[in-house]
Amino acid sequence: MTETADVVELAKRRGYFFQASGAYGGVSGFYTFGPQGAALKRNIEDAWRDRFTIQEGNLEVDAPTVAPEPVFEASGHLDGFDDMLVECPECGESHRADHIIEDNTDIEEAESYPIPEVEELIAEFELVCPSCGAGLAGQAVTAFNLMFETSIGPGSSQPGYLRPETAQGIFVEFPQLKEYARNQLPFGVTQIGRAYRNEISPRKSLLRVREFTQAELELFVDPEEDEPDLDAVRDVTAPLYSAEMQADPDAATTEWTIGEAVDEGVIGDEWVAYYLGVATEWYDRVGVDMERFRFRQHLPGELAHYAADCWDAEAEVDGDWIELAGFAYRSDYDLSKHAEHSDDDFTLFKQYDEAKTVERATVDPDMSYLGPEFGGAAAGIAEALQSLAERDRTAFDGDSVSVEVDGEAYEIPTEHVNFSVDEVTESGEHITPHVVEPSFGVDRALYTVVHHAFSEDEVEGEHRNYLSLEPEVAPTFVGVFPLTDQDGLPERAREVAQELRDAGLSVTYDDSGSIGRRYRRQDEVGTPFCVTLDGDPQGTATIRERDSTAQTRVDLDDLVETLTALRTGDATFDDY
RNA sequence: GCGCCGUUGGUCCAGUGGUAGGACAGUGGCUUCCCAAGCCACUAGCCCGGGUUCAAUUCCCGGACGGCGCACCA
């Protein structure tokens, strides 16, 4: 049995995750997190929030999952998602119809053509299947859009879409968020939430699903001034698999400290380097096996056109490397896009250290002359005069000045233009911040953590499966058992369980079956510690550690303190 | 979306043209002072629709879901 088969079976049986809507036949690409999985997911999210929001001093928001169409026109998702497929009648292969057209004709941007036209083009140019050469004329071209569409409001309402990534909810609200950040860069905004993609073919358990959870940080920086605190992660060792190494069949993933990688130019951007360092420590903290982890740099062809440098965090699961997170320097692409498409202001005013005095050429056209003289063209002429003044002051030297508006030339007497050159004080300028985006898949992190925690060993000749989850993220922290159901032990154990719950620990109580069976049950769901009450007259109990199965005896009075220290990481089991 | 294979208690499997059996898990009881022990009892299942048939979980067709391959993964 493969590791995945074991893990999926355990996940289903023990309430980590399973396919949703099973009672109705199930639906592809949707999963329910059971009681254990929901708690594990929440703990992973809390660990992320602690590191990427709280420790970094960032701002967390919670934006809607539905947004109106213009948002995704601006973001590019509407076009980017609308791909066209044509299937070969001979060999059955599906190909991108727009790519076939672009590759075989002079037409560019075939993607922007409507489907009937694309079908006509295929017939007109007698295009053939790239795989087998059969003619594609007459074959239906089908569109698929990976965004879930919905309609907002009743009747002939406006179209909306479920967000395909949480990031847009941050970018769209930038004009408000910058006010909250008091117009000071850098500032970071985080969001943990669901995103939706109507995948053609959901596969591989939790890895390709139609509804998933992302944890994203959008850090807004001044590209000219802001720098990360590289010293904080300079000594972190990270396994790097650069584009260069990927191109060389003899090269393999290599351990670098973040400091070396920046100094040697392996990581191109310092902000990206900083977050690779932070992410390395975070993945280790939540239980990803660092022996099965790497950062892979995007190859030049993979890079989005606006991205300077991009790395993915990847983990090895059952022989495959799966993508866990992406770290991209996105320049001002996202904010500029929204600035173009919306009427709002996506810039920040950046004050100069010292105000500058500059000469500026301005015009103040006499509209009472321009209006009667040029009619409807007057406003356009005034605008053209101003832009001409900024470009070329000498144009105003003569008795008249000529401008062109909408292809029409106009001659305006200089006396009506009121041209002047003034000294003005500039105290700053408007800049569009650049964006650094670490984007994490929460479900994939959970899937990887469970996989990497999955362990097998032998205890006293008996085979054992257990999840070696980190205490910080384990869904259940401690199991409390009476050794037997006699001598009032169950009552005493219940009291202890309640006491531990009062202390904020996640506790399960179990008195069924033999003690060994109860230990194994907790091992399998990954509970790191079990407390067993026995007949000891001294008022002690045993704490048993999951991975080693070792036990130690602790005074009941010290139990809460001891377990709390184990939970927070202030102590390890070996200390007792 | 295409092709191949599959779908039987909670889980993992066996089996059959006359509606099913095991293992593990679970529940109750006996036993039990530390690692899946034993004994007794119990709970619980043939993915959905259509067709063939006296009769379909079984055969045929379609669908849903899953695995793998192809395509796709902005």
Side-chain angles (χ1 to χ4, degrees), chain A residues 1-2 4-6 8-15 18-30 34 72 75-96 99 111 129-131 140-147 164-165 197-205 207-210 302-305 307 322-323 326 457-466 479 481-487 489 510-524 530-537 541-546 548-553:
Chain A
M1 210 188 234
T2 62
T4 295
D6 282 332
V8 166
E9 187 264 327
L10 187 152
K12 189 172 187 179
R13 195 161 39 79
R14 288 301 189 186
F18 47 87
Q19 192 174 30
S21 302
Y24 292 90
V27 57
S28 191
F30 293 92
F72 300 111
S75 70
H77 286 107
L78 216 46
D79 285 342
F81 270 56
D82 219 3
D83 292 336
M84 289 174 272
L85 277 190
V86 61
E87 192 190 329
C88 173
E90 293 296 322
C91 68
E93 297 245 329
S94 284
H95 299 279
R96 286 278 295 270
H99 289 179
E111 205 178 19
C129 171
S131 302
V141 172
T142 50
F144 58 89
N145 191 307
L146 290 181
M147 278 201 293
E165 61 176 19
R197 297 178 192 184
N198 204 356
E199 293 283 351
I200 304 163
S201 177
R203 286 282 169 90
K204 307 250 180 200
S205 184
L207 295 183
R208 268 180 70 190
V209 287
R210 292 186 165 124
E302 272 179 284
L303 280 176
H305 60 274
I322 64 171
E323 183 186 336
D457 67 1
E458 258 189 30
V459 175
E460 298 181 13
E462 299 278 357
H463 178 83
R464 179 176 78 129
N465 283 347
Y466 64 103
F481 315 142
L483 186 56
T484 69
D485 56 8
Q486 294 163 354
D487 305 328
L489 289 180
D510 190 356
D511 62 8
S512 81
S514 74
I515 191 70
R517 182 178 294 257
R518 284 175 268 165
Y519 284 145
R520 295 304 165 84
R521 242 183 229 139
Q522 295 309 314
D523 289 343
E524 200 174 39
C530 292
V531 169
T532 300
L533 274 291
D534 55 26
D536 172 55
T542 57
I543 300 179
R544 170 208 187 252
E545 201 261 343
R546 173 196 61 210
S548 64
T549 75
Q551 284 178 291
T552 188
R553 194 164 277 278

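Order of the sequence lines fixes the chain letters, A, B, ..., with proteins taken first and strands second; residue numbering starts at 1 for each chain.
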Out of [options], which nucleotide sits closest to the side chain of [X]?
X: A:S512; options: B:rU11, B:rU27, B:rC34; result: B:rU27
X: A:Q551; options: B:rC35, B:rA74, B:rA71; result: B:rC35
X: A:K12; options: B:rA36, B:rA74, B:rU11; result: B:rU11
X: A:Q19; options: B:rC68, B:rG66, B:rC34; result: B:rG66
X: A:V27; options: B:rC33, B:rG1, B:rC65; result: B:rC65
X: A:T484; options: B:rC33, B:rA25, B:rA74; result: B:rC33
X: A:E9; options: B:rA74, B:rG67, B:rU11; result: B:rU11
X: A:Q486; options: B:rU32, B:rA74, B:rC35; result: B:rU32
X: A:T532; options: B:rC65, B:rC34, B:rA36; result: B:rC34
X: A:E462; options: B:rG10, B:rA36, B:rC34; result: B:rA36

When you check the phosphate oxygens OP1 and OP2 of [N], does a side-chain N or O of [X] lie under 4.0 Å from one of them?
X: A:S514; N: B:rU32; value: no
X: A:R521; N: B:rG26; value: yes
X: A:K204; N: B:rC73; value: no

Assign each of A:R13 and A:E323 to its nearest nucleotide of RNA chain B by heavy atoms, then name whichever residue's nucleotide is nearer the 5' end. A:R13
Closest-nucleotide mapping onto RNA chain B: is A:R203 or A:G516 further toward the 5' terminus? I mean the 5' end. A:G516
Establish whether the base of B:rC48 is bridged to the side chain of A:Y24 by a donor-acceptor pair shorter than 3.5 Å. no
N/O donor-acceptor pair, side chain A:R517 with base B:rG26, under 3.5 angstrom: no
Using a 4.5 Å cut-off on heavy atoms from C-beta on, say whether the side chain of A:H463 contacts that of A:D457. no
Please report the distance separating the [atom1] of [N] from the corresponding atom of [M], rounded so that it comes out in whole Å.
N: B:rA14; M: B:rG9; atom1: C1'; answer: 14 Å
N: B:rG51; M: B:rU43; atom1: C1'; answer: 36 Å
N: B:rC48; M: B:rC5; atom1: P; answer: 22 Å
N: B:rA56; M: B:rU16; atom1: C1'; answer: 11 Å
N: B:rC4; M: B:rC60; atom1: P; answer: 14 Å
N: B:rC24; M: B:rG38; atom1: P; answer: 8 Å

Between A:S28 and A:R208, is any side-chain donor less than 3.5 angstrom from a side-chain acceptor? no
Mind checking [X] for me? I need base, sugar-phosphate or nothing, with any heavy atom below 4.0 Å counting as a touch.
X: A:D536; value: nothing
X: A:R464; value: nothing
X: A:D485; value: base
X: A:S205; value: sugar-phosphate

Cation-pi check for A:Y466 against A:R546: NZ or CZ below 6.0 Å from the six-membered ring centre and within 45 degrees of the axis, yes or no? no
Between A:R210 and A:G29, is there a donor-acceptor pair closer than 3.5 Å when you use the side chain of the first and the backbone of the second? no
